[in-house]
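FYI, the numbering just counts along the sequence from 1. None of these values were measured; they are calculated from a predicted model. Hydrogens, waters and symmetry mates play no part in the numbers below; they use all other heavy atoms, side chains included.
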Amino acid sequence: MSTRSGAERLELLQGTLDLLILRTLIFGPQHGQRIARAIQETSGEELLVEHGALYPALQRLEERGWVSARWGTSSNNRRARFYSLTSAGRRQLVKETAKWKRLAQAIARILSSEAVES
């Protein structure tokens, strides 16, 4: 996953892509390319999900039982796997969202505090 500027890469903490995929699938079944596009659009074009990262993540989520997949036809009439959030995936999304919000709040507190000089 990277920023829109090729020169400046955004390093994300482990598990970020999984959370973004689960969140994207809350709106219904989608194929891989649409998931990547939705993440990019929703992030204001800041995040670009590379296929080399997306498909292993989708496979990992499927193995964990958090998403299910079925073959179908995309809007451009191509065969594609459509991924859906499972009940276990919905529960995991709730857990992961809470953890990421706590993490973001903790980091925000640190960044907004006065620097301590030694």
Side-chain angles (χ1 to χ4, degrees):
M1 198 175 293
S2 63
T3 62
R4 64 182 128 164
S5 166
E8 193 176 312
R9 296 276 175 185
L10 180 60
E11 295 295 324
L12 298 175
L13 296 174
Q14 184 177 358
T16 303
L17 182 54
D18 292 358
L19 173 62
L20 296 176
I21 292 169
L22 293 174
R23 175 66 177 138
T24 300
L25 291 176
I26 198 86
F27 301 108
Q30 297 181 48
H31 58 81
Q33 191 170 11
R34 181 63 196 127
I35 292 168
R37 203 170 331 124
I39 291 170
Q40 184 175 346
E41 290 169 0
T42 306
S43 72
E45 307 297 323
E46 291 290 338
L47 300 175
L48 174 65
V49 180
E50 297 168 4
H51 290 164
L54 177 66
Y55 290 101
L58 286 167
Q59 184 176 11
R60 182 174 56 251
L61 294 173
E62 190 175 7
E63 288 170 358
R64 291 178 179 166
W66 297 344
V67 301
S68 61
R70 65 168 176 75
W71 287 101
T73 304
S74 67
S75 59
N76 61 358
N77 212 24
R78 292 190 177 179
R79 186 169 152 86
R81 281 180 61 104
F82 284 78
Y83 298 88
S84 301
L85 196 58
T86 65
S87 296
R90 287 181 188 279
R91 289 190 300 274
Q92 189 63 29
L93 175 59
V94 170
K95 289 178 192 176
E96 292 300 317
T97 299
K99 285 183 0 186
W100 278 98
K101 285 181 179 180
R102 284 179 43 221
L103 177 62
Q105 290 169 349
I107 292 171
R109 284 192 298 271
I110 293 167
L111 293 177
S112 65
S113 68
E114 294 293 321
V116 178
E117 293 184 33
S118 36

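Under the ring-ring contact (aromatic ring centres under 6.0 Å, His included) criterion, the residue pairs touching residues 35-72 are H51-Y55, with sequence neighbours excluded. Listed by first and then second residue, the side-chain hydrogen bond (donor to acceptor under 3.5 Å, both in side chains) pairs involving residues 103-112 amount to none (not counting sequence neighbours).
Residues forming a side chain to side chain contact (heavy atoms under 4.5 Å, CB included) with Q59 (at least two apart in sequence, or on another chain): E63. Every salt bridge (Lys or Arg N to Asp or Glu O under 4.0 Å) that R60 has, sequence neighbours left out, goes to D18. For R37, there are no salt bridge (Lys or Arg N to Asp or Glu O under 4.0 Å) partners two or more places apart in sequence or in a different chain. Take S43 and apply the side chain to side chain contact (heavy atoms under 4.5 Å, CB included) test, not counting sequence neighbours, and it matches E46, L47.
Between S74 atom OG and R34 atom CZ the span is 12.0 Å, to the nearest 0.5 Å. Here the straight-line distance linking atom CG of L93 with atom CD1 of I21 works out to 12.0 Å at 0.5 Å rounding. Separation of atoms NE2 (H31) and OG (S75) is listed at 5.5 Å; rounding is to 0.5 Å. The line from CD of Q92 to CZ of R64 is 8.0 Å long, rounded to the nearest 0.5 Å.
With contacts defined as side-chain heavy-atom distances shorter than 4.5 Å, the pair Q40/V49 does not qualify. Proximity of L20 to I35: side-chain heavy atoms (C-beta onward) are nowhere separated by under 4.5 Å. Residues L22 and I26 fail the side-chain proximity criterion, which asks for heavy atoms closer than 4.5 Å. Side-chain contact between R81 and E62 is present, with heavy atoms from C-beta onward closer than 4.5 Å. No side-chain heavy atom of L25 sits under 4.5 Å from any side-chain heavy atom of L61.
In the hydrophobic clustering of ILVMFWY residues, with side-chain heavy atoms under 4.5 Å counting as a link, V94 and L103 come out apart. When the side chains of ILVMFWY residues are joined at heavy-atom separations under 4.5 Å, either directly or via intervening members, I39 and F82 end up in two distinct hydrophobic clusters.
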